[in-house]
Each structure stands twice: as structure tokens, then as C-alpha cells.
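Counting starts at 1 for both ligands and their atoms, in listed order.
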Amino acid sequence: MTPTIDLKNSRIYIGKGLLAQTGAHIATEYPSAKVLVVTDTTVGGLYLDALEADLKANSIIYNSLVLPDGENTKHLKNIGIICEMAAEMNLNRGDVILALGGGVIGDLAGFAAAVFLRGIRFVALPTTLLSQVDSSVGGKTGVNLPQGKNLVGSFYKANSVLIDTDTLKTLSDREFACGMAEVIKYGCIWDAALFEKLEALDSREKIMGEIDSIVTTCCEIKAKVVREDEFDKGLRMILNFGHTIGHAIENTLGYGELTHGEAVAIGMSKMTHSTEAKGMTEKGTAARLDALLKKHGLPTDMAGYDKQRIFDAAMKDKKNIGKALNIIVAKKIGEVDIVPIAPESLEEYL
Ligand code: NAD
Ligand code: GLY
């Protein structure tokens with residue numbers, strides 16, 4: 001297989017049917033490596049038998065851990081469980097932890113790979129649209145604490161990211177829409193042509209007709225950003241467009257009521273309406289963004305949510321402690337600015 005993108009030795013492969021080539025890929029790239037597969041019940045039920053058969057066919061020694069699906073699985077206790085299993089298997093640094101699943105499994109297994117033996121090989125097989133265009137690329141891994149999301153983690157890029165776009169066929173419409181929020185985000189922050197393309201593709205079926213090229217465009221944008229700012233000191237913050245409010249909504253409502261993408265969609269919309277009203281954003285941008293989000297089944301409205309609680313949650317977010325808060329402002333479709341504000345003034349944008 002030839003990588004579609006090479007991000008500082010994290011090789012990203014994008015195409016159809018890659019799941020069936022996983023065993024051959026590992027046998028070729030990481031000869032003699034043992035593999036610990038981490039997945040969740042839903043994805044495991046759909047794809048684990050096929051993956052295990054493929055590993056077996058390539059004479060790879062493996063074991064599999066199936067965890068409950070859902071955000072609660074991104075928990076420190078599961079890092080212990082994965083690491084103990086890796087130790088039972090006598091994995092060494094040349095062996096592989098393989099994440100088969102969405103962003104939850106990718107973030108969790110990636111963090112376990114980062115800390116077991118201070119780092120063993122990590123292969124990601126992302127199966128949600130969100131994980132294919134965002135979380136599997138660029139090395140952010142981690143788990144949640146009761147105090148907030150992603151409070152413990154590391155930067156640890158997968159050695160190989162195998163993006164099999166066929167796996168998206170089994171995704172629910174709601175989870176597909178959740179990924180579309182991130183796809184639309186890339187259009188807003190970087191690529192007006194992508195945004196226009198998405199405006200013309202008004203159904204999941206039409207998106208799936210062009211999915212390899214859409215996923216590749218998103219991963220290329222993310223790779224460009226991460227190449228320039230791997231450790232989130234500057235440019236990478238633009239990927240958080242809509243996320244300050246989005247994370248705060250998730251923290252306020254509790255994970256599970258809204259998907260991550262739905263919360264980010266509301267965040268992007270709310271922020272853009274506010275910045276447009278303040279003259280920081282080209283007129284008409286918020287309306288275009290809302291229309292596109294709605295077209296892809298995403299919410300845009302924060303009415304009905306407790307704004308004070310959302311503000312309090314945003315202030316508690318780890319990124320805001322002890323420094324100016326950076327908000328990401330869409331100047332127009334395809335172009336954003338990082339704007340530092342006094343944290344207290346965030347309320348004006350809500
Ligand atoms: P997820 O992993 O919980 O997957 C969503 C649901 O879809 C789950 O129920 C899962 O079992 C199911 N699923 C996954 N693939 C499927 C498939 N092919 N067919 C049918 N069902 C399938 O959620 P997600 O949206 O992929 O990821 C969200 C997580 O990603 C959050 O924890 C978020 O913090 C994290 N995230 C991380 C980064 C990063 O840079 N590391 C970026 C964005 C989001
Ligand atoms: N998803 C945001 C980042 O990777 O920085």
C-alpha cells in the first residue's frame with residue numbers, strides 16, 4: 001500500500017477495503033509484531049471477526065479487547081486494563097496496539113500505546129467519519145476525568161492510520177452527521193472550495209459518492225496544520241473552531257445528550273453569528289454556515305440551553321486556565337483568525 005499522506009512518519013492510507021489489508025500491512029511494515037486490538041462492542045460486532053480472520057491469515061499473534069461503546073469508555077481505568085493486557089501478552093515496543101473504532105477507542109488506545117513501555121507502536125483503524133477526518137490524524141490521545149474532557153493525554157501519532165471509507169456505510173445517520181460537522185469545519189477554516197462542494201452535495205448518499213476525496217481533503221488540511229504546529233501552540237488552535245462553546249455544551253449537558261459534532265455545530269454557528277454581529281465576520285457567513293449545517297442534519301440553535309452554565313463550563317475548560325482565551329473567528333468562509341480575548345468577555349459571544 002502507498003500512503004496517501006505522510007505526516008512526520010505517521011503514514012495515512014485512505015481508500016476502500018483497507019480493513020481487509022490490515023494483516024498484510026502489519027506483516028509487511030512491522031514484521032513479527034504481535035497485535036493487541038482494542039475495539040468497542042458495536043464496532044467489534046461489525047468488524048472484529050473479519051479483522052481477526054485477516055490477522056490470523058497473515059500469521060500474526062493477536063488478542064482483542066472489546067470495551068463498551070460510548071464516551072464513558074475514555075476512562076483512566078481502561079488505560080490500566082489495556083496496559084495489563086499488553087503486559088500479559090509480553091508486548092515489546094516493536095509490537096502494536098491497534099484501535100478499531102471511532103474517536104473514543106482511538107483516543108483511548110492511542111494513549112495506552114503512548115504510555116505502555118513509554119511508547120509502543122500504534123495503528124489506528126478509524127471507523128467513524130469524525131475519527132477518519134480528525135481524531136486519528138495528528139496524535140492527540142487521551143481520556144476524560146470527572147472534572148472534564150481530555151484532561152489526561154499525550155501527543156502520540158499513530159505509525160499507520162488505515163482509513164477504510166467502506167466502514168462508514170454502517171454508521172448511523174446521526175453519527176455520520178456528527179462527522180460532517182468536522183468536515184464542514186475544514187471548509188470554514190481553510191477551504192472555501194470544499195465548503196462550496198459540500199453545499200452542492202445535499203445528502204449522505206451524494207457525500208458517500210465522493211467520500212474518498214472529501215476525507216483526503218480534510219486529512220490533508222489537518223496534516224498541513226499539524227506539520228506547522230504539532231503541539232498546539234499556535235496555528236493548530238484553528239481546529240478548535242466552534243469547540244470552546246461545543247465542549248462547554250458537552251460538559252454542561254453531560255456526554256451523550258448531544259454528539260460531539262452536534263455540540264461543535266452549535267458552537268460554530270453561535271460564534272459566527274456573534275462575530276458577524278460584531279463586524280469581525282463577512283456578512284452572510286453565518287447564514288451560509290447554518291444552511292449547510294442544517295442540510296447535513298446538524299443543529300445550530302443554543303436556545304433552551306442554560307447560557308450561564310455553558311459559560312461557567314467554558315471557563316473551567318483546561319485551555320482557559322490562567323491565560324487569555326483564544327477564540328477562533330471565521331473572517332469569511334475558508335479563512336479564520338485566532339483572536340485573544342479576556343476570558344470574562346466570552347459571555348458576549350454566547
Ligand atoms: P465514538 O468513538 O463514540 O463513535 C460513535 C458511535 O459510533 C459509537 O457508538 C461507536 O460504537 C459507533 N461506531 C463507530 N464506528 C462505527 C461504524 N463504522 N459503524 C457503526 N457504528 C460505528 O465517537 P466519535 O464521534 O468517533 O469520536 C468522539 C471522540 O473523539 C470524543 O471523545 C472526542 O473527544 C474525540 N476527538 C478526538 C480528537 C483528537 O484529535 N484526538 C478530535 C476530535 C474528537
Ligand atoms: N481535533 C483538534 C486537534 O487535533 O487539534
Between K169 and D166, does at least one N-O distance fall below 4.0 Å, as a salt bridge requires?
-> yes
Got more than 12 heavy atoms from elsewhere within 6.0 Å of CG, L235?
-> yes
D134, T170, D166: member with heavy atom nearest to atom 43 (C) of ligand 1 = D134
For atom 5 (C) of ligand 1, which candidate among E182, E175, E250 holds the nearest heavy atom?
-> E175
Would you mind finding which of G44, G106, G103 brings a heavy atom closest to atom 24 (P) of ligand 1?
-> G103
Counting heavy atoms under 4.0 Å, the part of L46 that contacts ligand 1 is side chain
Nearest neighbour of atom 4 (O) of ligand 1 from the list T128, D232, L171, D40, on a heavy-atom basis = T128
Please assess R11 against E29 for the test salt bridge (Lys or Arg N to Asp or Glu O under 4.0 Å), listing each intermediate value before the final yes or no.
-> CA-CA 11 Å; R11 289 177 304 278; E29 296 293 324; 3.7 Å; yes
Backbone, side chain, both or neither: what part of N150 comes under 4.0 angstrom of ligand 1, heavy atoms only?
-> side chain
Could you tell me which atoms of ligand 1, counted from 1 in the order shown, lie closer than 4.0 angstrom to a heavy atom of Y47?
-> 18 (N)
Would you please indicate yes or no on a ring centroid separation below 6.0 angstrom for H296 and F176?
-> no
Hey, which of K206, K295, R288 is the one that makes salt bridge (Lys or Arg N to Asp or Glu O under 4.0 Å) with E199?
-> R288
Got the residues with a heavy atom under 4.0 Å of ligand 2, by chain and number?
-> D134, K140, K222, R236, L239
Is a donor on one side and an acceptor on the other found under 3.5 Å between the side chain of T281 and the backbone of K332?
-> no
Are M85 and L55 grouped together when hydrophobic residues (ILVMFWY) are joined by side-chain heavy atoms under 4.5 angstrom apart?
-> no
Geometric N/O contact V104 with ligand 1, under 3.5 angstrom = yes
At under 4.0 Å between heavy atoms, which part of L168 makes contact with ligand 1: side chain, backbone, both or neither?
-> neither
Test item: R227 side-chain N/O and K8 main-chain N/O as donor-acceptor pair under 3.5 Å = no
